[in-house]
2 protein chains.
Amino acid sequence: MKVISVSPESPEPPPPALLVLSAEGERPERADAAANRARILSVAERLFGEKGPHAVTMADIARAAGVGQGTLYRRFPRKPDLCLALMDHQFREFQDATLRELGRMTGARTPRLDQLAWVVERFAAFAEGNLDLLREAQPALADSEAGLPESPPSRWQALTVRGLLQAAIEAGEVGAQTDVVVVADLLLAPLRAESLCFLRHTRAYALPRVIAAMTTLIRSLRV
Amino acid sequence: MKVISVSPESPEPPPPALLVLSAEGERPERADAAANRARILSVAERLFGEKGPHAVTMADIARAAGVGQGTLYRRFPRKPDLCLALMDHQFREFQDATLRELGRMTGARTPRLDQLAWVVERFAAFAEGNLDLLREAQPALADSEAGLPESPPSRWQALTVRGLLQAAIEAGEVGAQTDVVVVADLLLAPLRAESLCFLRHTRAYALPRVIAAMTTLIRSLRV
DNA sequence: GGGTTAAGTGGACTTGTGTCCGTTTATAAT
DNA sequence: ATTATAAACGGACACAAGTCCACTTAACCC
């Protein structure tokens, strides 16, 4: 989508709101707002890259982007929203590539459980590569006490794992009594930002080791 | 310690600092400090019970306990420390009871994997019963970027699961190539506060259903 | 072009966590 | 009892996230 660079502003047509969980039938942002959004994202990306997402405050971003805090918060109501938006582009590519490969594997009659192991490995690698951002993005979901929204990436991952588990059952690779929905979430739990930080930093397990153990667990589901 | 209390408090001899991760060879707290500690804990317990840990601020607690914020923070450097201290007593009892029953099961030749499933179910129930507190206590561990301390309860749970897994391997119930250490943490991942909140609130799975799925996973380890 | 209006804007303000530091006090040695 | 001193104390302060609201302006219509 041609992200605009830091200071100079390109007068392109407003990037169709790819970066935000776009609702359909809404009128597009005003031009100045779109420009601000782009500048904010670009500035945030730079600052996060320089100092790490946690060390950069929303005020820093607003200042560097030359907008007021009110403006920043209008575009991105929470810091996690901003983090999610920054990951969005990268995640889409990741998602596409994953789906493509998965299609290929299915065509090649790769066992579903192998596909599942592969997918989980991919998810782990993605999470690892975006750990700081994910960690900062996390509170977006589980903030209030009651029911809370789930980020699209998280939802998609869960759906994918469910799908593969279900397919594995239908292929007779896994016991039919398995609670697909819940087991999918259990398998993904170690990849949630907080848990992965714990495994990688507190426990200091190397990523391949974590992946190997997850694979063990998955393969052990085979009947 | 003679706690004064908000809700009536028993005038028992001071409970030797059970409530804090006590370092060994250190001189005991000054009497006034110990009294404040007790009062703070008692007040915090009441306020948390009334409004939920998240809705109670450290300032609230300091005020209600009749001490300055500086004093509060001297006793409990972080809010999570206070939460952990509040769970401490309850956790010790839980731990003792668990160990006792585990000993009984071992004596009765209960298969290690069954013990493991039972233990994990217990852990889940405990976590569920202290979710709010755990959630608030969580940041204690994973705050800074680098290596971070792990709470004693968390460590003990991990050690227990590791031990049972290892025993299961030695009993031939589980494949010997299993990475006991990492797999133990993977099995516990869904019980971390953040993950359990996600499962219970966002996904709205009933606790027994979560436990059943975890049990499935554990039993599938059987060779 | 001028008017209307919803969207956008800036920055002061609120709230909560955690820090700092000058003052006070319990404890123990004299 | 007196005094030394380390611990304890309290509350002002720093800092970050997120809210509010009076003011401005782009976009659309006549």
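In this structure, the CE atom of M58(B) is 13 Å from the P atom of dG16(C), given to the nearest Å. Between the NE2 atom of H54(B) and the P atom of dT15(C) there is a distance of 15 Å, rounded to whole Å. For the pair L82(A) CG and dA16(D) P, the interatomic distance rounds to 16 Å; values are reported in whole Å. As a whole-Å value, the separation of L72(B) CG from dG16(C) P is 15 Å. One can place CZ of R37(B) at 15 Å from P of dA7(D), the figure rounded to the nearest angstrom. Following rounding to the nearest Å, E136(A) (CD) and dA16(D) (C1') show an atom-to-atom distance of 11 Å. Taking atom CD1 of I40(A) as the reference point, atom C1' of dG8(C) lies 11 Å away to the nearest angstrom. To the nearest angstrom, P of dG11(C) lies 11 Å from CZ of R63(A).
Every residue meeting the salt bridge (Lys or Arg N to Asp or Glu O under 4.0 Å) condition with E50(A), not counting sequence neighbours, appears here in chain and number order: R46(A). Residues that satisfy the salt bridge (Lys or Arg N to Asp or Glu O under 4.0 Å) test with R162(A), not counting sequence neighbours, are absent from this structure. In this view, R74(B) satisfies the salt bridge (Lys or Arg N to Asp or Glu O under 4.0 Å) rule with no residue, not counting sequence neighbours. Partners of S220(A) by side chain to side chain donor-acceptor pair (under 3.5 Å), not counting sequence neighbours, listed by chain and number: S220(B). Applying the salt bridge (Lys or Arg N to Asp or Glu O under 4.0 Å) criterion to E101(A), with sequence neighbours excluded, gives R104(A). Every side chain to side chain donor-acceptor pair (under 3.5 Å) that T98(A) has, sequence neighbours left out, goes to R122(A).
Judged by distance alone, the side chain of D81(B) and the main-chain N or O of R78(B) form a donor-acceptor pair under 3.5 Å.
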Contacts under 3.5 angstrom, residues 179-191 of chain B side chains, donor-acceptor by atom type, not counting sequence neighbours:
unit_1  : atom_1 : unit_2  : atom_2 : d
D179(B) : OD1    : R209(A) : NH2    : 3.1
D179(B) : OD1    : V182(B) : N      : 3.4
D179(B) : OD2    : R209(A) : NE     : 2.7
D185(B) : OD1    : R203(A) : NH1    : 2.2
D185(B) : OD2    : R203(A) : NH1    : 2.5
D185(B) : OD2    : Y205(A) : OH     : 2.4

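Closest heavy-atom contact between C83(A) and F48(A): SG-CE2, 3.9 Å.
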Quick one: which protein N/O atoms are closer than 3.5 Å to N/O atoms of nucleotides 9-11 of chain D? Pair and distance per line, please.
unit_1  : atom_1 : unit_2 : atom_2 : d
dC9(D)  : OP1    : D32(B) : O      : 3.4
dC9(D)  : OP1    : N36(B) : ND2    : 2.2
dC9(D)  : OP2    : R75(B) : NH2    : 3.3
dG10(D) : OP2    : G68(B) : N      : 3.0
dG10(D) : OP2    : T71(B) : OG1    : 2.8
dG10(D) : N7     : T71(B) : N      : 3.4
dG11(D) : N7     : G70(B) : N      : 3.3
dG11(D) : O6     : G70(B) : N      : 3.3

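Contact check, R78(B) against dG16(C): no side-chain N or O comes under 4.0 Å of OP1 or OP2.
Each end of the helix from dG1(C)-dC30(D) to dT30(C)-dA1(D) gets its own axis, taken as the rotation carrying the C1' atoms of four end pairs onto the next four within a five-pair window, and the two axes meet at 0° to the nearest 10 degrees.
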